[in-house]
Every structure is written in C-alpha cells, then in structure tokens.
Amino acid sequence: MSKKNTIVLVGQPNCGKSTLFNHLVGFKSRISNLPGTTVQLEKGEFKRKDRVYEIIDLPGIYSLTQGDEAENKTLEFLLNEEYDFIVNILDASMLSRGLELTLQLLKIGKPMVVVLNMMDEAKRKGIIIDVKKLEKLLKVPVIPAIASRGVGIKELFEAIENFKGPVLCFLEDLPGNLRKEADKLTDVLKDCNLNRRHCALYFLATKILGGELSLDTVIKDKGCREKANMIIKEARELFLKEFSMEPEDVIHALRHHTAMTLAEKVVTFKRKRSLSFLEKIDSVVMHPVFGYLIMAIVYLGFFYLTFKIGGYLEDYFTKPFELLYTQKTGLIYSLWNATVDGLSGGIGIVFPYLLPLMFFISILEDIGYIPRAAYLMDTLMHRFGLHGKSVVPLLLGYGCNVPAITATRIIEEERNRVLTALLVPFIPCSARLTVLLAISDKFLGPLFAIGVLFLNIIVVGIVGKILTLIKKEDSPGIVLEIPSYKIPSMKITLAKTWLHVKEFIFVAWPMLIAGSIVLGLIQFYGIEQIINEILYPFTRGLLGLPSKVGVTLLFGILRKELTLIMLQTAMGTPLSQIGNVMTHVQLATFTVFTIFYIPCIATLAAIYKEFNKKIMFYSILLSTFVATVLAITTRFLYLWL
Amino acid sequence: MTLFDAQVGQRLRVVQIVGGRGVRSRLFSMGLNPGDIVRVLQIAPFRGTFFVENMSNGSKFALGRGIARKIVVEYV
Ligand SMILES: Nc1nc2c(ncn2[C@@H]2O[C@H](COP(=O)(O)OP(=O)(O)OP(=O)(O)O)[C@@H](O)[C@H]2O)c(=O)[nH]1
Ligand SMILES: [Mg+2]
C-alpha cells in the first residue's frame, strides 16, 4: 500500500496525545500537565518502514459532545473530515472515564486502535489492567504504552499495519421509544446525503436526540435541518412523557454504566490505595492559607532565580562583544556598530534571561502547577466577573503572549474569552521581562523589578475590573480538572526550552540585528531625527524621556526586545553605559512604558485571527492608554520618592 | 444538601446534578456522575472554589461555588 495514511490521535484532555505525537513527528505540539494544552490541530509526518503516515494531533475531548472552542474543533474534525484511522489514547489510571469516549469513538465506524497510555501512573496507583481481556471485549487492538518514554510506539504501529478489520460498528443502546425515533432521524440524515455507514448515521442521530450535538455541526442544509428538528421535538416529548427524564440523561447513564462494567471486568487493584507523597502535597499547595503563601514564593522565586541566573550569564556573554565596537565615523562604521548592537543584544542581553525563564516555565507547566494556580485564583477572579480558567492563559502569557491568546479557547464563555484576551497583553512576556530584568540588573535594582511585577498584577486586576463592569454578566463557575502531579521529564523540559531558544535564534535574533542595522541607516541619513521630532511632544513632553528613544519605541512594536537593543544604537552607547546618558527616572519610565504599551505585532495578529479587527484595536487603544498613564505616574512618583 | 454545604474531608454520594443541560453534560463527561462517591479536599477562602476528588475514579476537579450548588449529595 503506497497511499498516505491519515491517523488521528483522539482522547480525553491530558492523556498524553501530544506527547505521543511529538515522539512520532519531532517536537512540534505543545505539551504540559494541564487539561486543554492543545487547542488547535497539529499535523506531522511519520515514516516507518516504507510507509508514510500523516499524524494529526487534536485537542483533547471528554466526550463527543459540544464543549468549548477547542473541543468543538475536534468534534467537527472527527465528524466531518476525511481520515483513515483513529488512535484512541486513554489515561490508564482513569480507565472507566476514558472508556466512555472509547465507546463513542467505536460508533464512528472507522478502523481504530486503543492505546492505554500512562501505564506507569496506573502502576503507581496500584491499578492492574488485563489488556488481553479488554482487547477481547472492545474487539479492537489495545496497546499498553508510556508515551513520555516512547514505550509502546513500535507495538502501536505494528497493530496499525496488521489491522485486518472488519471494522465493527456498534449501535448505541437505547430504550424502546427512543430507538424508533433514532431510526427515523437516521433516515432523514441519509436523505440529507450524509455519506456514511448506517451505524455512524444512527450514532449521529442518537447524539442529536440526546442534545449532545447541535444540528448545525452535522447538517449544513437548511431544509434538512427543519425536517430533523421536527423529529427531535417529537422524540423529546414522547420520551419525557414515558420516562419523565431528559433523553440525554438516559443516554449518558447507559453509556456510563457500560463503561463502568467494562472497566470492572478488566481492572484489579493491587493494594489498598494509600496516599502517595505527591498526593499529600496538595493538602499544603491547595490549602486556603498556605496555598497562597506557596504561590507567592513560587512567583517571587521564579523571577528571582531568572534574575540572578540571567544577570550572571549576561556578564559573561556581553563582555566579548564590547571589544568589537569601533570609534571611527562614517556609514560603514556606524552600520558595523549597529550590527554589533544587534548581535550582542540578542546573545548577550536577551538570551541569558530567556534561557532560565523558559526552563522554569516549562517545569512549572509539567509538574501541574498551572491548573492549581487557577483554582487558587478562582475566587479572586470572580470579583472581576471572570473565573479561574482565565488564569491559565494569563500565566502562559509570561512565556509568550501569542500562545496565551490561543489558549483562551479553553474558556467556554465567549465574553470571558474576549475579556481574557484583552488582559493577556498586559502580562509581560519573556521579551518584556528581559527588558525589565536587564535594566533592573544594571541600574535600578531587584526591588524595582519586583515593584513593577507587583504593579503589573494590580493593573491587570484594575483593568479587568473596569472591563467586566463595561460588559457586566454573571459568569458561571469554574469546572476544571486538576491533573495529578507529574515529575517533569528532563528530556521534555529540555526539548520545550530548546523550542523557544530555536525560535529566538532563528526568528527573533535576526530581527534584532536587522532592526539595529535599519536604525543605523536611518540614523545616518537623518530620518531618525524626523521621526523623533514628530514623537517629541509625547516622549519628551509627556514622559520626560530623551527624544532619541522615540524611534526605538516605534520599532518595539515589531518585537519588544527591540526597545532595549535599539536603545544602544539610538543613544550611541552599549547598555552597560546607558546610565551615563539616561537618568534613573528616565530608565524607570521607559521600562514601565515598554512593559505596558501596544502588544507586539505577533500578538496583535493572534488577537485578529482569534477574534476580529475591532478587538485588536481595542487592545491597542487600551494598552497605549494604560501605558501612558502608568509611565507618567512613574515619572512623577519616582521624583517624589 | 448540595456540595456547597459540605465540609472538608466529608465523603459524600452524588445524588443528582441539577441545572442546565450545558453544566450537566459537562460534568457527566468529565466523569462526575450520580452514584459516585466524592470527597471535598479543600475549600478556598470565603467559601470560594471547591477542590473535590471523585473517589470512584480518582479524578480531581476545581468547582466554582455556583457549580457546587448544583450538585446534590447525601452522606454515605
Ligand atoms: N507519567 C506519565 N506521564 C505522561 C505520559 N504521557 C504523557 N505524560 C505527561 O502527561 C502530561 C500531558 O501530556 P500531553 O501530551 O500534553 O497531553 P494531551 O493529551 O496532549 O493533552 P491536551 O492537549 O490537553 O488534550 C504531560 O505533562 C506529559 O509529560 C506517560 O505515559 N506517563
Ligand atoms: Mg495535547
């Protein structure tokens, strides 16, 4: 067979789909110990023997039911797109819940293999699974695996290659009347030219009758939808009369029961479960008092370590570059100096902070702290009419705002999603943190950095409060799964850190160098001065900054690191001596403005893509306004102190 | 009683989940079902968010107070 096979990875959130995916196609998909990490489709190629497979990683889905933005993406894909094979991944330590999804997937009528992932977790919890028996009961191959260590991948593909079928397709079990109605709806679906096997159509019909699937997901034709709607109404009425229960409750209860019975048949507990050390930690980490203390320590410790390690590395990395500067004048020499600014700025100033920052973020993500922080912050977020789930994108924002904007997809309510996306750009990403940490390290001291970070949280709170007052609405409570702690695998942590470093070296660094050269050029031809003069009333008048920073702030919109790197070219001195040409007040004002003003181009593009132009403009206006107010406050407060 | 009235450490059985279709189907599919034995592990300050373990399958959840009010439970 030479045809390319498309394989989709489907499973409940946090079961290890992306980990398996990355093993197959190289590190491409984000992984972290947080349900809802993957929020968009990822594709990659995997070659084995002489076959090429296209592997698709989908966002996790609890059940084939309408859910949040990310889950609906998966649902749409599974029901409407073309693919050849389903690889259903289950968290073996939570078998019975996982089987509820498996039972539904079996009814789509595609070739399927089940992967029992996290066998190590199951073992740790004393759960033993009779794999052979499960295979017999489900009538599809079942492969035990530990994706984080690559265990089971060979067996998985052997099972796929040897898959002979026949592809079974089970009809959903339904009580009396509902079965008849489902038959009727199946016929309508067939007439609507849904080109599928009978069992798959029947499955869709039960999903729709049970209210688990909206009609629009399945039927695009309006006439058909009306016909279907009639049957649905009739069925619900009939059903309510007979059972005095909603159909979805009955369908769900049946499925739940089947899954539980299945699990009971194959699972044995080795010992009475005693609390492991990892589980005991939660009594402190989630404690109503100590939990917040620990959160504060984690937060400060995180920045303190980054600050210390970054400052230490920076000294080593920048020194050699300072020897490269030349004192001569002329176009060539100023361009040379600008190039050195870009080169040294990237490797000497940004990189030393980026490295520890990304490393620590990766560890926090993999341990499973982020959903716990979301729990701890939930009550507070309610004061803003948001809930704890908004904390997840906000925390991810410290790494980079772009994935943080996409991560808002895990928030079910559209209003909360928009509000969270407007707040994300206020979180200083690694680029802006670098500016803050590097300037604090050189001139303003660690207390300034802590002060700004603290101010930042307060500002997010105030802006959030104001925004939610404008768009007032009661938000329903949080429902978030808190996964068990996982010990971060060094390999994955390093791979994740490398992913960011790679992006920095190949995308950001060239931009920093190019930016510096462009500045060198326009400086030489006097264009810079014109721009600075236009911005003069703002930079000099309002913020009290040297007018030369005008152009760097403009370039900073491309990439926030540029504000700092180009400051060297603009002021004509390496960062270590900027203190001679700018006062501390000016440096503080500059830093505060940089942290809060217009999100970078990439973030704006992400907002535009996720939402629309209007929201993007709101974001620009909001951030510029807030940044200006805060910078002016800093200017006068600093003098007064 | 509902989960909202529960104390930390109590073991309770879920009787039913009331409220809209959205909330019910969400909780069901996340593995919180009538008949399950749950335990409140922590409650955030100001009777805020509930940290709950479903002892029937070992999953854990953060549930807002509004949601906790919709989960009818009884003592085991
Ligand atoms: N102990 C253990 N941990 C694993 C295993 N496979 C994955 N993990 C960890 O489980 C967590 C979740 O993995 P992901 O691959 O992000 O899960 P996912 O299914 O893609 O999750 P979503 O994208 O949220 O649906 C990560 O912290 C992984 O390192 C495994 O076999 N054993
Ligand atoms: Mg994933």
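Here is the naming used below: chain letters follow the sequence lines, and residue numbers restart at 1 for every chain. When reading the values below, keep in mind they use all heavy atoms of this one structure, side chains included, and skip hydrogens, waters and symmetry mates.
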Asker: Set out, in order, the CA-CA distance, both residues' side-chain angles and the distance that settles side chain to side chain contact (heavy atoms under 4.5 Å, CB included) for A:I482 and B:F51, then state yes or no.
Answerer: CA-CA 9 Å; A:I482 310 283; B:F51 179 36; 3.8 Å; yes
Asker: With a 4.5 angstrom heavy-atom cut-off, which part of B:R26 approaches chain A: side chain, backbone, both or neither?
Answerer: side chain
Asker: Among A:Q66, A:Q12, A:E71, single out the residue with the greatest number of heavy-atom pairs under 4.5 Å to chain B.
Answerer: A:E71
Asker: In Å, rounded to the nearest 0.5 Å, how long is the span from CE of A:M260 to OG of B:S56?
Answerer: 7.0 Å
Asker: Considering only heavy atoms, which portion of A:S484 lies under 4.5 Å from any heavy atom of chain B: side chain, backbone, both, or neither?
Answerer: neither
Asker: Measuring heavy-atom distances to chain B, does A:E100 have an atom under 4.5 Å in its side chain, in its backbone, in both, or in neither?
Answerer: side chain
Asker: Do you know which of A:S63, A:G388, A:S96 has the most heavy-atom pairs with chain B at a distance under 4.5 angstrom?
Answerer: A:S63
Asker: Side-chain contact, heavy-atom cut-off 4.5 Å: B:D36 with A:H256?
Answerer: yes
Asker: Is it the side chain or the backbone of A:D282 that comes within 4.5 Å of chain B heavy atoms, both, or neither?
Answerer: both
Asker: So, do B:M30 and A:E481 sit near enough that their side-chain heavy atoms are less than 4.5 Å apart?
Answerer: yes
Asker: Take B:N33 and A:H252 through the test side chain to side chain contact (heavy atoms under 4.5 Å, CB included) and record every step on the way to the result.
Answerer: CA-CA 9 Å; B:N33 292 276; A:H252 179 267; 2.5 Å; yes
Asker: If you count heavy-atom pairs under 4.5 Å between each of B:S25, B:G66, B:P45 and chain A, which one has the most?
Answerer: B:P45
Asker: Checking A:Y375 side chain against B:A44 main chain: does a donor-acceptor pair fall under 3.5 Å?
Answerer: yes
Asker: Determine the option with the most heavy-atom pairs under 4.5 angstrom with chain A, choosing from B:R65, B:K70, B:Q42, B:R24.
Answerer: B:Q42
Asker: Taking side chain as everything from C-beta outward and backbone as N, CA, C, O, which of these in B:L63 sits under 4.5 Å from a heavy atom of chain A? Side chain, backbone, both or neither.
Answerer: both
Asker: Output the option from A:G98, A:A374, A:S93, A:P288 having the highest count of non-hydrogen pairs under 4.5 Å with chain B.
Answerer: A:P288
Asker: Which atoms of B:I43 are under 4.5 Å from chain A, going by heavy atoms: the side chain, the backbone, both sets, or neither?
Answerer: backbone
Asker: Is it possible for you to check whether A:R255 lies under 6.0 Å from the centre of the six-membered ring of B:F28, through NZ or CZ, and within 45° of that ring's axis?
Answerer: no
Asker: Tell me, side chain or backbone of B:S59 under 4.5 Å from chain A's heavy atoms, or both, or neither?
Answerer: both
Asker: Begin with the C-alpha distance, continue with both residues' side-chain angles, and end with the deciding distance and a verdict on side chain to side chain contact (heavy atoms under 4.5 Å, CB included) for B:L41 and A:M286.
Answerer: CA-CA 9 Å; B:L41 297 176; A:M286 304 286 266; over 6 Å; no
Asker: Which answer fits B:R69, side chain, backbone, both or neither, if we ask what part of it has an atom under 4.5 Å from a heavy atom of chain A?
Answerer: neither
Asker: Tell me the closest heavy-atom pair linking B:I67 and A:I478, and the distance in Å.
Answerer: CG1-O, 3.8 Å
